Amino acid sequence: MPKPARFRPPGYFAALGLRYGLVGIAATYHLLETACGEDENRVLNATRSWSRLVEDHVRYEIPGLLPVESGAATPHAVAQLAERPLRLALPMLHRVNSLETCLREICDQYVKENTSSIRSGWPWYRWHGARQEFLRTMNESLSFTLHFFERRQYDLQEVPEIALLGE
């Protein structure tokens, strides 16, 4: 999970949604790389359940680990935030040279779309600092996602301790 740093809850949830969204893109990209024919359609159909998977994970697996105050609507909100990057990426996955290019484009779009959440709770003179903190966390999420993808490519099993550390 992203470190809370200096986030207010809306900014933190936007960062968490982005992290989940980027991992969803990487997983989909990996599956599409190895799929052919009908399998490709199955992979694309499976992406429809991504927000439900994220919502369930946030609701049942990490509620006590969230470093910011959350409510009953938090899992659904994070799931919706995680869904957007994946939806933006799906049309791009076949025409980009690399996953990293796709992820960076999606991050740029996501930041533009979520500026109000990133700034939320901060006085106007701290908006730049809030954005810089979000961008720092976004870059950590990019790195985390690319490492996640590399582990998938080399068929390495996920080690829970590494996943928790964000390595």
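The structure presented is a predicted model; accordingly, all values stated were derived computationally and were not measured.
We find that E38 and R42 are not joined by a salt bridge, their nearest charged nitrogen and carboxylate oxygen being 4.0 Å or further apart.
Inter-residue side-chain proximity for S141 and V23 is flagged as unmet; no heavy-atom pair is nearer than 4.5 Å. Looking only at side-chain heavy atoms (C-beta outward), E55 and W50 stay at 4.5 Å or farther from each other. Contact of the M92 side chain with the E105 side chain is registered, since non-hydrogen atoms from C-beta on lie closer than 4.5 Å. Contact of the L90 side chain with the T28 side chain is registered, since non-hydrogen atoms from C-beta on lie closer than 4.5 Å. Two residues are said to be in side-chain contact when any heavy atoms from C-beta on lie closer than 4.5 Å; Y20 and V58 meet this criterion. With contacts defined as side-chain heavy-atom distances shorter than 4.5 Å, the pair L88/I25 does not qualify. Side-chain contact between V111 and I118 is present, with heavy atoms from C-beta onward closer than 4.5 Å. Side-chain contact between Y110 and F134: present, with at least one pair of heavy atoms (C-beta onward) separated by less than 4.5 Å.
Y60 and V54 sit in two unconnected hydrophobic clusters of ILVMFWY residues. Membership requires side-chain heavy atoms under 4.5 Å apart, directly or through other members.
Dense packing is recorded around CZ of R59, with more than 12 heavy atoms of other residues, nucleotides or ligands lying under 6.0 Å away. The number of heavy atoms from other shown groups lying within 6.0 Å of NE2 (H30) is above 12.
Smallest separation of non-hydrogen atoms from T74 and S70: OG1-CB, 3.2 Å. When every heavy atom of A26 is checked against every heavy atom of T145, the shortest pair comes out as CB-CG2, 3.6 Å. Between P75 and G71 the shortest heavy-atom distance is CD-O, 3.8 Å.
Counted by atom type alone, S117 and S120 present zero donor-acceptor pairs between their side chains at under 3.5 Å.
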| request: Report the C-alpha distance between F13 and R8 in whole Å, list the side-chain angles of each, state the deciding distance to 0.1 Å, and finish with yes or no for side-chain contact (heavy atoms from CB on, under 4.5 Å). | output: CA-CA 9 Å; F13 297 138; R8 302 292 195 256; over 6 Å; no
| said: Could you go through L66 and Y12, starting from their C-alpha distance and side-chain angles, then the distance that decides it, and tell me whether this counts as side-chain contact (heavy atoms from CB on, under 4.5 Å)? | reply: CA-CA 10 Å; L66 288 173; Y12 183 79; 4.2 Å; yes
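Distance alone, capped at 3.5 Å, places no donor-acceptor pair between the R119 side chain and the W127 backbone. In this structure, the side chain of T34 engages the main chain of L31 through a donor-acceptor pair within 3.5 Å. The backbone N or O of A130 lies less than 3.5 Å from no partner atom in the side chain of W122, so there is not a single donor-acceptor pair. Distance alone, capped at 3.5 Å, places no donor-acceptor pair between the S49 side chain and the R52 backbone. With H57 contributing its side chain and L53 its backbone, the two residues share no donor-acceptor pair below 3.5 Å.
Rounding to the nearest 0.5 angstrom, the gap separating the OG1 atom in T47 from the CG atom in L32 is 8.5 Å. To the nearest 0.5 Å, atoms OG (S51) and CG (L81) are separated by 11.0 Å. Annotation: the span from F148 atom CZ to L99 atom CG amounts to 10.0 Å, rounded to 0.5 Å. Interatomic distance, CE of M138 versus CD of E133, reported as 12.0 Å (0.5 Å rounding). Expressed to the nearest 0.5 Å, how far CG of L18 lies from CD of E113 amounts to 11.0 Å. Distance CD/Q109 to CG/N114: 9.5 Å, rounded to 0.5 Å.
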